[in-house]
Colleague: 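I have a structure I would like to understand better, so I am pasting it below and will then ask my questions one at a time.
Computation of the quantities below employed the complete heavy-atom set of this structure, encompassing side-chain atoms and omitting hydrogens, waters and symmetry-equivalent molecules.
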Amino acid sequence: MEIPEETPPQINDLETQGVLTFKVLSNPNKHRARVLAEIGQLPELDPAFGARMVQFMQRGDSDPSELEGKPYLGSFGGLNWPSSYLVGRRIKERAVRKAKPHVPIPASHEVSILLDRIVYRHKRARIYQESPHRDLANIKLFDKLNNKSRKHAPERRKLGRIYQGWINLGPGNTTLTCVPGSQRDDISPERNGFSQEQDDIAEPLRVYKTFTVKPGEAVLFDPRILHKVAGGTVKEAFTRLHFGLRVAKDSLPLYLDQEDLMAQGLPPRLPSGQLVPIITSNFRSIHKDTADRWLRVNKPLRKGYALRKGGFVQKIPG
């Protein structure tokens, strides 16, 4: 069941509603141009490979100029080159400062930023439907990595509270469709990652609200909240700078293999603990020579990846 869209500041309650929308940038067009320029300078990019990548992802659609030579992969539109997680750092820090007064922070707890991707969806891009789900941290993996890294975390760490979201750099609007308050549901600790909800629970008893995030605004939400993505076609291109927060008694990386992964030139884990592909399998099947040549040129990255069903994914060190 859908009801009309909500925009700032109609709901700004992370504790009860699980969603916060707020203004971050007064001139998102300027910041979008700077972020795209940063992407153009990333060390992983090979010009010929990037040009083929963009051609494939645009699928002949118009106006590819804004991302010339800047590859984005998958229907999600997320760029997963390792150094791209550091793009827009100052914008993310500004968003954190704006959000902190609205974030529940218990005494003796700290707030740290979680690394995440930048997302671009061009005009007329196809968005694939995502069924009702929650993005849940992998508690078993969190504990396992803690036990392997006692030199960094001699005491038993607690997961703390995690929030995820994005800053919309425009030019188009973005939306989040979710069930406010559903983050307080009884959720099994055995669930993790992209955790789909059972249909008989998710529908039709839930009341979904769609929050519009305009250019220059950000949304921050509890990833345990029940949310979904409606399929369709992008009416106006947009760029989203994703980020996350962790509220806990320590400010160490959420997953303690982050330094090992990045030292090998690999992207960090998502807050859910997932390792996402850097080259999707469908791109490689269509442009095998290009993809394989790029991996040969970028030997440090090639050594860290294995070809699996979803594409090239990170090998776990050790």
Colleague: For Arg246, which residues count as a salt bridge (charged side-chain N to carboxylate O under 4.0 Å, His left out) partner, sequence neighbours excluded?
Modeller: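 In terms of salt bridge (charged side-chain N to carboxylate O under 4.0 Å, His left out), with neighbours along the sequence ignored, Arg246 is linked to Asp250.
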Colleague: Should Leu270 and Tyr85 count as side-chain neighbours, where that means a heavy-atom distance under 4.5 Å?
Modeller: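 Leu270 reaches Tyr85 side chain to side chain.
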Colleague: Sorted by first residue and then second, give each salt bridge (charged side-chain N to carboxylate O under 4.0 Å, His left out) pair with at least one member in residues 168-181; sequence neighbours left out.
Modeller: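 Those involving residues 168-181 do not exist here.
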Colleague: According to salt bridge (charged side-chain N to carboxylate O under 4.0 Å, His left out), who are the partners of Arg224, at least two apart in sequence or on a separate chain?
Modeller: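 By the salt bridge (charged side-chain N to carboxylate O under 4.0 Å, His left out) rule, Arg224 matches Asp222.
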Colleague: Flag the pair Leu115 / Gln258 as yes when at least one side-chain heavy-atom distance between them is below 4.5 Å, and no otherwise.
Modeller: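 A side-chain contact exists here, since the closest heavy-atom pair is under 4.5 Å.
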Colleague: Just so I know, are the side chains of Asp116 and Pro271 near enough to count as touching, which here means a heavy-atom distance under 4.5 Å?
Modeller: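 Yes, side chains in contact.
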Colleague: For Ser108, enumerate each residue passing the side-chain contact (heavy atoms from CB on, under 4.5 Å) test, keeping only those at least two apart in sequence or located in another chain.
Modeller: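 With sequence neighbours excluded, Ser108 shows a side-chain contact (heavy atoms from CB on, under 4.5 Å) to Lys249, given in chain and number order.
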Colleague: Filter on salt bridge (charged side-chain N to carboxylate O under 4.0 Å, His left out), then keep only pairs touching residues 77-89, sequence neighbours left out; what's left?
Modeller: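 Qualifying pairs: Arg89-Glu93.
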Colleague: In chain order, what residues pass the side-chain contact (heavy atoms from CB on, under 4.5 Å) check against Val234, with sequence neighbours excluded?
Modeller: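 Applying side-chain contact (heavy atoms from CB on, under 4.5 Å) to Val234 gives Arg121, Ala125, Ile127, Phe238.
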Colleague: Run the ring pair (Phe, Tyr, Trp, His ring centres under 6.0 Å) test against His227 and tell me which residues pass, sequence neighbours left out.
Modeller: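 Per chain and number, His227 pairs via ring pair (Phe, Tyr, Trp, His ring centres under 6.0 Å) with His133, Phe221.
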Colleague: Quick one: salt bridge (charged side-chain N to carboxylate O under 4.0 Å, His left out) partners of Lys100, sequence neighbours excluded?
Modeller: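 Scan of Lys100 (salt bridge (charged side-chain N to carboxylate O under 4.0 Å, His left out), adjacent residues dropped) gives none.
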Colleague: Which residues satisfy the side chain to side chain donor-acceptor pair (under 3.5 Å) test with Thr174, sequence neighbours excluded?
Modeller: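 Side chain to side chain donor-acceptor pair (under 3.5 Å) list for Thr174, sorted by chain: Trp166.
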Colleague: For Gln274, enumerate each residue passing the side chain to side chain donor-acceptor pair (under 3.5 Å) test, keeping only those at least two apart in sequence or located in another chain.
Modeller: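 Scan of Gln274 (side chain to side chain donor-acceptor pair (under 3.5 Å), adjacent residues dropped) gives Ser272.
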Colleague: Identify, with sequence neighbours excluded, every residue that meets side chain to side chain donor-acceptor pair (under 3.5 Å) alongside Asn168.
Modeller: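 Checked Asn168 against side chain to side chain donor-acceptor pair (under 3.5 Å); zero matches.
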Colleague: Report yes if some heavy atom in the side chain of Leu114 is under 4.5 Å from a heavy atom in the side chain of Tyr163; otherwise report no.
Modeller: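 Of all side-chain heavy-atom pairs linking Tyr163 with Leu114, none is under 4.5 Å.
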Colleague: Any salt bridge (charged side-chain N to carboxylate O under 4.0 Å, His left out) pairs touching residues 179-189, not counting sequence neighbours?
Modeller: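 Found Arg134-Asp185, Asp185-Arg206.
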